[in-house]
Every structure is written in structure tokens, then in C-alpha cells.
Amino acid sequence: MTSTVPRVRFAPAPTGYLHVGGARSALFNWLYARQTGGVFILRIEDTNPELSRPELIEAILEPLRWLGLDWDEGPIRQSERGDLYRDAIERLLASGSAYRCDCTQDDVKARAEQRGGKPGYDGHCRTREVAEGEGVVVRFGVPDEGVTAFDDVVRGHVEFHNADLEDFVIRRSDGTPVFLVANAVDDADMGMTHVVRGEDLLNTTPKVILLWQALGLGEIPVYAHLPLLVNEQRKKLSKRRDDVAMGDYVERGYLAEAMANYLATLGWGPPDGVEIRPMAEILELFRLEDVTKGSAFFDPKKLDHFNSTYLRALPVEEFVRRARPWLEGDDVPWASEAWDSGMFAELAPMVQERCVTLADAADFVAWLFVDEVEMDETAWTKAMVKGKHVPEILDAVIAGLADCPWQTDALEELVRGAGDAVGARSQVPVRVAVTGSNVGIPLFEPMVLLGRERTLARLRAARARLP
RNA sequence: GCCCCGUUCGUCUAGAGGCCUAGGACGCCAGAUUCUCAAUCUGGUAACACGGGUUCGAAUCCCGUACGGGGUGCCA
């Protein structure tokens, strides 16, 4: 009888950046650990020296921290525990559960083709007593008969016929163990009580269990295979073709709490239907056994909705603080000395209400800080070319602006009056002339901040383009 | 091919045999509001894959079919 405290782990391979699917797995593990008073362990599955890139470990840890998924133990690197796995393999060899094989991959393939029917290894070396040497691997001898089964928290009872499993490699020809061995050994050694991971690993589970049993590691952990996160084509998210790197979402101005909240609704739903809520509540409501079975589409539009909702709920000072990296960084369209944080703070409430991501903030205020506005030509055509009485409106506004009180109310009254005089809408043409766009934050408050001279200059420039 | 898993509105989900005329959310559409755009409010659109059972009664249980996905590596 070991500890009764639940122990779970997130065990990524450092072969790429953390993507949304991995983050969701980490989140569900974390939720389970935190709600049960359990232990959340981070383990790096870098058993393959050729593919793993140590420099990527930080690229996995960083977004996990960002999401607030703190771990209690680790990161434990499997590459540093090679002795344990080598020892396990020796024991399997000694007990006859595993054997050496010197077949090349071409041999295996050729025999399979000759046999016809099913591909895979045929157990050719089971009784050949192959000696250690160059190009020799170790394979696990899967029993010819019987069933390997387990009860999955989300999928129920799952069975695999041993006859369908081939004698899989457990030690590569370079002497390194494959993850299946490391998995069994570490899950036992670290006392994992639950293994919560993506469904793409479901098929590897019987192999790990077989190793587990052959090694006499005791009771197997409880497995829970999460539904896959898929793209619009319903295919497993792929780092190559899908927009899934967690770090990209950070850079694009998504809030960690919005992302974590959204991820929690993929493969699970709160019983009362309230999706957007603090993680503390999700922690109370989440049940591993309520996880859904079907794969879930990672919907960027719904993420946007979560994000803008979280963004609007922020106290305005907090919004300003968190938007800062996107406003005072190197990518802004204005000269850094033109930036006026006080001015932004004044306009922040109206910006905040319109942002989907933090990165959007810059677009709403850029026209206040650039020397010359970048004209949206579509907006120009729509408002200025196709608009009615635009020249008259601009002339009237330019004339009136010269000496009107420089205040929000007065500006609004003047612009409206110019439109009323000719029976047309005047706000949009003025907006396009001054901001370069037909959409944006309310016009008159920022116009006050822009100043009389710059406002007039832009209006005159626009007027000059018209007949 | 073989093995495994899955299937409720376009999407994410609620639903544990009668509470379902199948609920919510995103999206979409329409209206209200409005200095534009958003936001907000109101309304609308839209689903139990199919076929057999079991049962007085099935989205819920069983079987089959179809479709989708995952795996089938000396990747994890």
C-alpha cells in the first residue's frame, strides 16, 4: 500500500514548443492534482537523444508558468535516469520477457511483405539467442495469447488482444531505451496514481502495462485518455500545419486566464453551463470522470470571445499595465518619443472595451502618435468618394474648428452641425480624414488630445484630395 | 489492411430511461441602442449519424451499419 495522495504528471517530449493540446493535457492534470490535494509532477521525456532538444525545455516550461500551471516536483529529465531503464531492460532480458534482435528494418519489412497481410515484426529472433553487438535492439516478447485490458476513466473498459501486438522494440540499437520502458519504470518509481494524457497514446497503453507486469511493478495507475484537440478538418492538431504554439498566443496578446479557461471547456463542460468563470470555480466543478469522449475543435473565434470578455473585465489600470508591452515595444507604428502614456491612460477605457487581444490596443490609438496617418483606402472610398456632401462638410468643419472651444462637446456639436446643414452624416468623413479609418474609438475625446493644429492639418489634407 | 477510439445545433457542450416541445455558450441573422466600430439588450436560425432491438417509455441500455479520428516507428 503506497501513498493515497493522488500523483499525476505532465510528460512532454522536448521535440517542439508547447502547443495547445499539450497545454490542455497539462491543465487537466493540474486540475485533478489541485482539487484532490494531490501532487503534480513535470517530467521531460527526452529518451531519444537524436530528437530531443534541451533548449526547448524552457519553451515548454515558460508557457506552463504563464498559464499558472505550477508543478510540485520536477522537471525530471528522463535522460538523466538512463540507469534505471537499462537495469529494467536487463531484468527483462534475464527473465526471458525480452530478447535481442539483429533484424534490420528492411528485413522486417521484406518478411512482412513476403508473408502478405499484416505488417510488423514477426518474432523472428525470439529463439535465435542473438548476441550483443552492432545494430542489435532489444524487443519485448508479447504473449501470443491473452488480453491486456484496463479501465479508463473516460473511455471505460478497453481491451487489446495480445496477438494484435507485435514484439516492440524497447532498446534502440544505440543502447537508449524507448519511452515505453521509461514510462513504466518512472510511473512506478514516482508513484503515479493516475495517468492523464491525450488519446493518441491510448494504443501505447497495453505495451506499457505488459512491461509493467513483466517488471513486477505492482498495481498499474488509473488511466484517463483525453479526447484529442483537432483542427477544422477534424485532424489532430499538428505543429506544422496548425496555429497551435502557446507562445504565439502569448505574443498575440491573449490573457493567460482566458486561455486556461477556454482550454478547460474543451473536453469538459461545467454542469451549470457557465463557461467563463474563475479557475477557482473550475477547480471545484471539474471531474475527471465527466471528461467527454469525442474530439474537440480548437475554435479561435470562441477563444477570442473568452479573451475579449476577460479583457473588458479587467480594472482599467490593470488593462493599461498589461497592454504596455504591446504599446511600448519595438513593433509599434509610431516613433517611440511620440508615445504619450498619459494620453493613452485617458483613452484606455474606450480602447479596452474594443480590444479582442492586448495587441489590438495599438491599432486603436496609432493615429494619435504617428506624424501622418495611414489611410485605409477602402474606408476612404466608402466614406469620402461615395459619401454625400463630403467637401461641404469638411469645409464647414475646417472653418468652424479654427476658433471653436477645444472641448469634446463643442467638437461634436460642430461636426454634427456641419452634417445637419447639408442633410448628411458628417462624423464618418471627419473620422476618416483624421484617423485614416472609418472605425475606431469614439472620435471627439481623442481629437481633443490630438490638438487643433494636427486635426486641422489632417482635415485640410483630406479636403485637398477631393474635387 | 489490421487494431483501438469516437459520433447531441456549423462549433464547444448540458443531458446518467420519463423533468426533452432536447438546455446553455460561440458563430451567424434580425431588431433596439449609438458620433463610427465594438460592447450591451431583445429575438431568431440550428442537433440526438442510420437501422434494428430491450422497455409502458430511449438522446440516454444492447447489437449492427455508416462516417470520422487515432495507432500501426529503433517518435512520443
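Lettering of chains follows the sequences in order, A, B, ..., and the numbering in each one begins at 1. Heavy atoms only: backbone and side chains are in, while hydrogens, waters and symmetry mates are out.
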Sugar-phosphate only, base, or nothing, as touched by A/Asn48 at under 4.0 Å among non-hydrogen atoms: sugar-phosphate

Under 4.0 angstrom between A/Arg115 side-chain N/O and B/rC2 OP1 or OP2: no

Touch class at under 4.0 angstrom, heavy-atom based, for A/Glu445 against every strand present: base

Sugar-phosphate, base or nothing in reach of A/Phe306, heavy atoms under 4.0 Å: nothing

A/Trp268 six-ring centre to A/Arg287 NZ/CZ under 6.0 Å and within 45° of normal: no

Within 45° cone and under 6.0 Å: A/Arg9 NZ/CZ vs A/Phe40 ring: no

Check: A/Glu166 side chain, B/rC2 base, donor-acceptor under 3.5 Å: no

Under-4.0 Å side-chain N/O to phosphate OP1/OP2 contact, A/Gln427 with B/rU36: no

Polar pair under 3.5 Å, donor/acceptor by atom type, side chain A/Asp200, base B/rG71: no

Presence of donor-acceptor pair under 3.5 Å, side chain of A/Arg155 and base of B/rC5: no

Touch class at under 4.0 angstrom, heavy-atom based, for A/Gln105 against every strand present: base

Sugar-phosphate, base or nothing in reach of A/Gly198, heavy atoms under 4.0 Å: nothing

Aromatic ring pairing A/Phe150/A/Phe160, orientation class (parallel under 30°, perpendicular over 60°, tilted between): parallel

Sugar-phosphate only, base, or nothing, as touched by A/Thr15 at under 4.0 Å among non-hydrogen atoms: nothing

Side chain A/Thr265 and base B/rC12 donor-acceptor under 3.5 Å: no

